[in-house]
Amino acid sequence: MSGPRIYMDWNATAPLLAEAREAFLSAVDRIGNPSSVHGEGRALRALVESARRDVAALCGAQAASVTFTSGATEAANMVLTPDFRMGRTPLRIAKLYASAIEHPAVREGGRFAREDVCEVPVTAAGVIDCAALQALLASHDRQTGLPMVAVMLANNETGIVQPISQVAAIVRAHGGLLVVDVVQAAGRLPLSIEALGADFLIVSSHKIGGPKGAGALVARGEVMMPSALIRGGGQEKGHRSGTENAPALVGFGAAARAAANNIEERMGAIATLRDRLEAEMQSSAPDVVIHGRDVSRIGNTSFFTLPGLKAETGQIAFDLEGVALSAGSACSSGKVGQSHVLTAMGYDPRQGALRISIGEATTEAEIERCATVFAKVAARRRSTGQAA
């Protein structure tokens, strides 16, 4: 390895922003419980509510519709449930229809029984098959309850952007609920829960440069809400009990403010770096397969396969050269498994793929060095006739 290590795994977790760190530390030093009525408690409550407004603004939603959680996984488990209420009236959701490329937190189905979770296929391009979704919802028995559909806006492995507005129109036509995971899209695409046509959004703090251990479920309104996953003291209007992690939430709010600024300009510059890297990869290894290159992607993500190079071997090879990237989703500690996203797209998942994901702090020099390492790994693969 020559030179300092470079970090190209922003989709797993983004580096903590300076403003988020400062906000986090300022809240850590405060005493009090945000639910207490004394001055110290009220001061901390004010900071939490300010963070709620910032997260709502990032999502184009109302602050009153933001429920804070410990992260996106908890938010998913909270909203993916058969048990809802419309005001005080129980509302039954009969079945969950989740796209085949969802994050495991969604694919597991939350609180739905396994037999009530149905997979919606995607095309070879990695885009949800809207015709298949239409057929599934057309056959749904409304007498048993309403359908719920879960489709992520931007895939965490490929970066492919899904046609959520089209999905929303199909879901509305069948009287269903739409849950959209915007974890990878937040700060990279402009967000509006109304424009998307979603009923709920799932958001994560550490994916946008905030502290780990914070997330949110964002609703279109306050009337229709899932039954509480965590019950107790009635915090978060009874939707999520437990004393709020105020420092993490305040840092989350600071990150949300930063993520909402100049999205198109920031992502344009990042996409230029990503595209330059992919062009150099293609030049040094013409047989490289860049997944999703021909469809809409978020500008920071490149998911690629080098024929003959196993994903785990490739990840280690890059790491030894000082480049931190991933072999797909970072959802299992220390585990590099077959990609369910590649499987859903019709690829042989046994070889796998590598994911480079970059951000605002990525430099041109880092892109050049990564391209050099890529060429070295690809050449070693050719010279040995096997994985590097």
Side-chain angles (χ1 to χ4, degrees), residues 23 27 32-37 41-72 74-81 83-91 93 148 153 164 168 172 177-183 185-187 190-205 208 210 213-261:
N33 185 314
S35 294
S36 298
V37 297
R42 293 198 307 274
L44 206 52
R45 169 57 57 190
L47 292 177
V48 170
E49 295 310 313
S50 177
R52 196 185 308 277
R53 290 191 293 272
D54 290 329
V55 172
L58 175 65
C59 297
Q62 298 297 313
S65 300
V66 174
T67 301
F68 283 130
T69 66
S70 65
E74 184 191 326
N77 279 268
M78 177 182 173
V79 72
L80 301 179
T81 177
D83 300 316
F84 268 73
R85 299 192 74 83
M86 180 72 76
R88 295 184 178 181
T89 304
L91 185 67
I93 312 298
M148 174 183 283
L153 179 52
I164 296 300
R172 281 197 303 272
L177 278 66
L178 176 59
V179 176
V180 179
D181 169 356
V182 297
V183 166
L191 294 179
S192 166
I193 192 169
E194 290 290 343
L196 288 171
D199 295 292
F200 296 93
L201 303 182
I202 297 169
V203 196
S204 173
S205 168
I208 59 171
L217 178 66
V218 181
R220 186 187 292 194
E222 296 184 79
V223 176
M224 182 175 59
M225 288 296 291
S227 62
L229 174 65
I230 299 178
R231 298 173 177 153
Q235 290 87 349
E236 296 295 296
K237 298 182 180 179
H239 301 312
R240 199 279 188 186
S241 293
T243 299
E244 294 94 338
N245 182 358
L249 296 180
V250 172
F252 185 11
R257 284 197 303 275
N261 289 331

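Since this is a predicted model, take the numbers as computed values, not measurements. Note: hydrogens, waters and symmetry copies are ignored here, and every other heavy atom, side chains too, is used.
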Any non-hydrogen side-chain atom of [X] less than 4.5 Å from a side-chain atom of [Y]?
X	Y	result
Phe84	Val79	yes
Met225	Phe200	yes
Phe252	Asp54	no
Thr243	Gln235	yes
Val218	Leu58	no

Whether the side chain of [X] engages the backbone of [Y] through a donor-acceptor N/O pair (distance < 3.5 Å, no angle test) should be reported.
X	Y	answer
Arg231	Gly238	no
Arg240	Leu229	no
Asn33	Gly41	no

Just verifying a value: how many Å separate [X] [atom1] and [Y] [atom2], rounded to the nearest 0.5 Å?
X	Y	atom1	atom2	result
Lys237	Ser65	NZ	OG	7.0 Å
Leu80	Leu177	CG	CG	11.0 Å
Thr81	Ile93	OG1	CD1	8.5 Å
Leu44	Glu49	CG	CD	10.5 Å
Leu217	Leu201	CG	CG	8.5 Å
Thr69	His239	OG1	NE2	13.0 Å

Do you know which two heavy atoms are closest between [X] and [Y], and how far apart they sit?
X	Y	value
Glu236	Val66	OE1-O, 3.9 Å
Ile208	Ala255	O-CB, 3.7 Å
Glu244	Ser35	OE1-OG, 4.0 Å
Pro247	Ala27	CA-CB, 3.6 Å
Ala75	Ala216	CB-O, 3.7 Å
Pro34	Val48	CB-CG2, 4.4 Å

Q: Report, as yes or no, whether the 6.0 Å neighbourhood of atom CD on Gln62 holds more than 12 heavy atoms from other residues, nucleotides or ligands.
A: no

Q. Has Arg85 got more than 12 heavy atoms of other residues, nucleotides or ligands less than 6.0 Å from its CZ?
A. yes

Q) Ile202 pairs by side chain to side chain contact (heavy atoms under 4.5 Å, CB included) with which of Val180, Val179, Val182? A) Val179

